**Student:** 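Can you read through this structure? Questions will come right after.
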Amino acid sequence: MTRRTLAVVSAGLSQPSSTRLLADQLAAATRDELVRRGSEVELHVVDLREYAHDVVNNMLTGFAPAALREVIDTVTGADGLIAVTPIFSASYNGLFKSFFDVLDSESLVDRPVLIGATGGTARHSLALEHAVRPMFAYLRSVVVPTAVFAAPEDWADGTADGALRARIRRAAGELADQIERRPPATGPADPFALTTDFLQMLGRGDGEPVN
Ligand SMILES: Cc1cc2nc3c(=O)[nH]c(=O)nc-3n(C[C@H](O)[C@H](O)[C@H](O)COP(=O)(O)O)c2cc1C
């Protein structure tokens with residue numbers, strides 16, 4: 001059985017948060033889909049509001065405090081990412097953008113990503129397409145075709161209504177497809193890993209022992 005890790009990032013600020021609610025439902029649907037296809041799934045849910053101060057400190061100093069470092073490693077080392085933001089002023093909120101700003105810009109290359117957003121009005125659903133998707137395009141991630149937006153009228157007593165449930169299922173299937181096409185993740189890339197063979201660094205690329 002293949003073991004897969006799924007990182008879920010929610011940038012909701014309220015408590016309770018509709019963004020977190022959407023993130024949880026996307027995570028559950030993706031996990032169920034991967035399990036149905038024979039994988040074992042480990043979920044890591046990150047509420048960014050808990051790391052807001054650390055994210056700002058990272059932006060100011062260039063270094064991630066230990067707790068944030070752990071979160072960054074979890075997100076960049078996962079097989080797939082679900083990233084959900086509330087829409088503020090017709091775009092992602094500042095916390096969501098700041099978190100992805102502090103990641104190494106190479107750390108999510110080729111990573112399957114499902115994007116989602118919540119908003120006060122369905123009129124702003126295309127913010128996912130004009131703001132969130134291009135940000136992941138810059139990071140060279142692979143964003144699945146279905147992006148999931150939830151407006152207040154999509155929730156019936158805290159549960160997704162039929163149309164929202166269908167979009168969640170479709171997006172989860174697309175994310176599972178992308179994850180399955182790749183070998184299991186081996187964790188975050190080592191920023192200090194040698195990019196050149198040690199012998200080549202010594203000027204001996206032939207493998208002969210160095211005297
Ligand atoms: C500062 C601010 C700006 C907002 N701007 C928008 C907006 O432009 N479009 C929109 O649809 N909703 C907007 N909203 C509403 C939030 O996106 C919506 O309430 C969201 O679901 C909140 O998520 P949460 O419950 O996870 O905090 C805004 C809310 C705040 C606080």
Side-chain angles (χ1 to χ4, degrees), residues 6-32 43-60 67-68 70-72 74-75 78 80-103 108 111-139 141 143-172 174-175:
L6 205 49
V8 184
V9 169
S10 167
L13 301 185
S14 318
Q15 279 187 314
S17 154
S18 58
T19 308
R20 172 65 194 266
L21 184 62
L22 177 62
D24 285 344
Q25 300 205 1
L26 290 167
T30 308
R31 183 199 52 213
D32 292 351
L43 271 183
H44 298 278
V45 183
V46 179
D47 248 326
L48 283 185
R49 73 190 303 285
E50 291 171 18
Y51 303 93
H53 296 278
D54 283 355
V55 169
V56 173
N57 284 337
N58 193 161
M59 296 190 92
L60 296 178
L68 177 61
E70 208 173 303
V71 165
I72 291 173
T74 299
V75 169
L81 170 64
I82 295 171
V84 192
T85 180
I87 299 302
F88 280 11
S89 308
S91 186
Y92 34 60
N93 72 0
L95 180 58
F96 184 86
K97 180 64 161 55
S98 299
F99 175 71
F100 288 101
D101 284 349
V102 301
L103 300 188
L108 291 176
R111 192 64 42 82
V113 179
L114 191 172
I115 54 175
T118 61
T121 167
R123 285 191 295 278
H124 283 177
S125 60
L126 284 179
L128 275 166
E129 303 301 333
H130 70 64
V132 184
R133 193 181 292 276
M135 187 193 81
F136 284 106
Y138 167 74
L139 295 171
S141 304
V143 182
V144 300
T146 302
V148 182
F149 184 90
E153 60 269 26
D154 292 321
W155 301 108
D157 301 328
T159 51
D161 74 1
L164 177 57
R165 267 206 312 276
R167 289 204 301 279
I168 289 172
R169 260 202 310 274
R170 190 172 71 215
E174 291 168 358
L175 183 60

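Keep in mind that what you see is a predicted model, and the values were worked out from it rather than measured. One-based numbering, in listed order, for ligands and for the atoms of each.
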**Student:** Strictly under 4.0 angstrom, heavy-atom based: which residues surround ligand 1?
**Tutor:**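 Ligand 1 is contacted, at a heavy-atom distance under 4.0 Å, by G12, L13, S14, S17, S18, T19, P86, I87, F88, S89, A90, T118, G119, G120, T121, H124.
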
**Student:** Which side-chain N or O atoms in residues 118-128 pair as donor and acceptor under 3.5 Å with protein atoms at least two apart or in another chain?
**Tutor:**
unit_1	atom_1	unit_2	atom_2	d
T118	OG1	T19	OG1	2.8
T121	OG1	R123	N	3.0
S125	OG	A122	O	3.2

**Student:** Any donor and acceptor pair, going by atom type alone, linking the side chain of R49 with main-chain N or O of S10 inside 3.5 Å?
**Tutor:**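 Not at all, since once roles are kept as given, no pair shorter than 3.5 Å links the two residues.
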
**Student:** For V84, is there any backbone N or O sitting under 3.5 Å from a side-chain donor or acceptor partner on R20?
**Tutor:**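 Not a single qualifying donor-acceptor pair exists.
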
**Student:** Run the ring pair (Phe, Tyr, Trp, His ring centres under 6.0 Å) test against Y92 and tell me which residues pass, sequence neighbours left out.
**Tutor:**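 For Y92 there are no ring pair (Phe, Tyr, Trp, His ring centres under 6.0 Å) partners, ignoring immediate neighbours.
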
**Student:** Pairs of donor and acceptor atoms involving the side chains of residues 162-170, under 3.5 Å and at least two apart or interchain, shall be tabulated with distances.
**Tutor:**
unit_1	atom_1	unit_2	atom_2	d
R165	NH1	A160	O	2.9
R167	NH2	F149	O	2.6
R170	NE	T146	OG1	3.0

**Student:** Tell me, with the steps shown, if F96 and F88 meet ring-ring contact (aromatic ring centres under 6.0 Å, His included).
**Tutor:** CA-CA 11 Å; F96 184 86; F88 280 11; over 10 Å; no

